[in-house]
Amino acid sequence: MKYKPANHIQDLQYFGEFGGVNPSISDSSTYTFLSAKTMFDTFEGNQDGCYLYSRHSTPSNLYLGEALAAMEGTETANVAASGMGAITGALLQLCKADDHIVSSRTIYGGTYAFLKNFAPRLNIKTSFVDITKLGTVEAAITPNTKVLYCESVSNPLLEVADIAGLSEIAKKHGLTLIVDNTFSPLSITPTELGADVVIHSLTKFINGSSDTVGGVTCGTQEFINSLRSVIDGANMLLGPTMDSLRSASILKNMRTLHIRMKQHSKNAMFLAEKFEADGFRTVYPGLESHPSHNLFKSMMNEDYGFGGMLTIDVGSLDKANELMELMQERNLGYLAVSLGFYKTLFSAPGTSTSSEIPEEEQIEMGLSDGLIRFSIGLDNDIERTYKMMKDCMETVGLFENISLN
Ligand SMILES: *Cc1c(COP(=O)(O)O)cnc(C)c1O
């Protein structure tokens with residue numbers, strides 16, 4: 001792939017008010033105008049370079065937004081207070097009552113709950129489909145469908161979406177293809193493959209320090225302007241606004257994203273190969289055994305690897321819990337939801353991040369009880385980590401009944 005997302009981020013150059021090497025942080029909720037006429041024009045949304053009120057935009061949020069747009073190769077971007085703030089805003093901007101969405105069924109639990117339980121209150125209905133089957137996706141489209149929604153690498157099952165194939169379907173039926181790229185920043189550039197809108201939870205890899213929630217919507221200037229419209233913009237009117245102090249902090253963390261992603265991917269690849277060789281059912285897009293390994297390879301920006309997320313199945317929830325507690329006790333990581341931290345994080349998705357999904361549906365999509373989701377950390381010595389993890393696995397008796405898996 002020719003796209004060089006990290007180069008595009010690095011090529012941005014912003015100085016602070018006094019020549020500082022970092023842009024100044026805008027510490028104001030409201031902005032003065034030299035003339036009343038400019039204020040009117042800014043309200044009308046046609047005055048570049050003027051700020052009105054911080055729920056609409058701030059210099060700090062625009063800096064971060066431009067860096068994320070550079071990463072995703074879109075015209076511009078709008079940052080939000082959380083990933084869910086970005087997702088719900090984009091969906092509500094594109095859909096009105098009686099509209100329909102076709103979504104992958106293996107998506108983030110919060111997104112699933114929004115589409116399944118909340119959007120129907122507004123008479124927006126969703127069909128959940130197996131996103132890896134393009135025929136099924138197309139068959140679910142109705143005359144009212146407006147949006148095709150997926151995650152490039154899904155949470156928690158790590159299914160990979162054929163973004164180019166989905167884009168073809170979206171174009172044929174006049175739909176907007178929204179891709180949540182939270183699991184694969186830098187590795188996959190969805191717009192290169194035809195996505196219309198790219199969303200991230202900045203909470204995860206991009207910020208990378210588990211100290212805040214945040215989100216972003218990357219898209220055309222026209223779409224981002226519509227989100228911010230004072231008349232009918234979902235982000236402007238629902239108000240999921242990121243604070244400027246926080247966006248300045250995320251921008252600084254984002255500068256090391258390429259180095260971190262390489263290390264997350266390298267460590268995850270090492271552990272995935274070891275776990276698989278040890279006999280665990282291991283899901284990692286970098287493994288040849290992954291059903292979409294070649295698809296991921298064909299889409300990826302090679303430098304950044306296959307990402308930091310992997311799952312293993314240890315047979316039962318009890319074993320999973322025992323293992324996770326022991327690994328935490330031995331300081332191999334934290335029993336916590338979320339991802340993209342310097343420490344390894346692990347959780348059992350069936351009882352945590354995907355608990356919004358009813359049990360029968362979990363079974364149908366292959367979300368088993370003994371599944372542990374790992375977000376692999378930045379460990380300097382991953383061999384030592386592996387040895388210590390293997391020791392934990394032996395201690396909880398996993399190798400005695402591994403044939404059961
Ligand atoms: C965490 C997450 C979200 C939600 O983001 P928040 O910042 O927690 O609101 C959405 N999509 C994916 C894939 C996620 O992992």
Side-chain angles (χ1 to χ4, degrees), residues 61 64-65 68 72 77-92 101 103-116 118-119 126 128 131 147 149-161 163 178-188 190 195 197-218 234-235 238-243 246-247 249-250 253-254 257 261 264 268 283 285 307-311 336-341 345-349 352-357 365 367 371 373-376:
N61 287 1
L64 176 60
L68 290 157
E72 290 300 359
N78 186 63
V79 298
S82 69
M84 286 309 296
I87 291 165
T88 54
L91 290 171
L92 293 175
I101 296 169
S103 170
S104 165
R105 63 182 184 184
T106 54
I107 48 173
Y108 176 69
T111 313
Y112 180 86
F114 174 75
L115 291 172
K116 176 102 178 170
F118 197 101
T126 301
F128 296 96
I131 203 73
V147 168
Y149 187 92
C150 71
E151 297 175 1
S152 36
V153 179
S154 80
N155 178 20
L157 294 169
L158 310 181
E159 283 178 357
V160 180
I163 298 170
I178 305 184
V179 179
D180 178 339
N181 199 28
T182 300
F183 274 35
S184 46
L186 300 177
S187 289
I188 295 178
V197 175
V198 182
I199 288 181
H200 282 276
S201 165
L202 304 176
T203 314
K204 317 296 171 47
F205 291 104
I206 291 175
N207 184 53
S209 51
S210 293
D211 55 0
T212 187
V213 290
V216 70
T217 313
C218 305
N235 286 57
L238 298 173
T241 311
M242 178 175 281
D243 184 73
R246 195 45 96 174
S247 61
S249 157
I250 296 174
N253 287 343
M254 193 184 160
L257 179 63
M261 284 317 295
H264 284 301
V283 178
M309 303 302 294
L310 66 88
T311 69
V337 300
S338 200
L339 41 134
F341 199 35
L345 302 177
F346 30 80
S347 58
S352 58
T353 53
S354 297
S355 55
E356 296 93 334
I357 302 170
M365 58 174 77
L367 225 169
L371 203 73
R373 183 186 81 175
F374 286 83
S375 163
I376 305 300

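Start at 1 and go down the list; that is how both ligands and their atoms are numbered. Counting from 1, the numbers follow the sequence of the chain as shown.
Of the candidates Ile87, Asp180, Leu339, it is Asp180 that places a heavy atom closest to atom 11 (N) of ligand 1. The heavy atom nearest to atom 2 (C) of ligand 1, out of those in His200, Lys204, Met84, Met309, is found in Lys204.
For atom 6 (P) of ligand 1, the nearest non-hydrogen atom of the protein is Gly83 N, 3.3 Å. Scanning all protein heavy atoms for the shortest distance to atom 4 (C) of ligand 1 gives Tyr108 CE2, 3.4 Å.
Between the side chain of Ser375 and the main chain of Leu339, no donor-acceptor pair closer than 3.5 Å is present. Between the side chain of Ser104 and the backbone N or O of Thr106, at least one donor-acceptor pair lies under 3.5 Å. Side chain of Glu151 to main chain of Tyr108: a donor-acceptor pair is present (N/O by atom type, distance under 3.5 Å, no hydrogens or angles).
For ligand 1, the polar-atom distance check against Glu151 finds no nitrogen or oxygen pair separated by under 3.5 Å. Residue Ser201 has at least one N or O atom closer than 3.5 Å to an N or O atom of ligand 1.
Applying the 4.0 Å criterion to heavy atoms of Gly214 picks out, from ligand 1, the atoms 7 (O). Atoms of ligand 1 found under 4.0 Å from any heavy atom of Thr203, numbered from 1 in the order shown, are 6 (P), 7 (O).
Using bins of under 30°, 30° to 60° and over 60° for the plane-to-plane angle, the ring pair His264/Phe205 lands in the perpendicular bin.
Taking 4.5 Å as the limit, every side-chain heavy atom of Asp180 sits out of range of all side-chain heavy atoms of Ile107.
A donor-acceptor pair shorter than 3.5 Å cannot be found between the side chains of Thr126 and Ser103.
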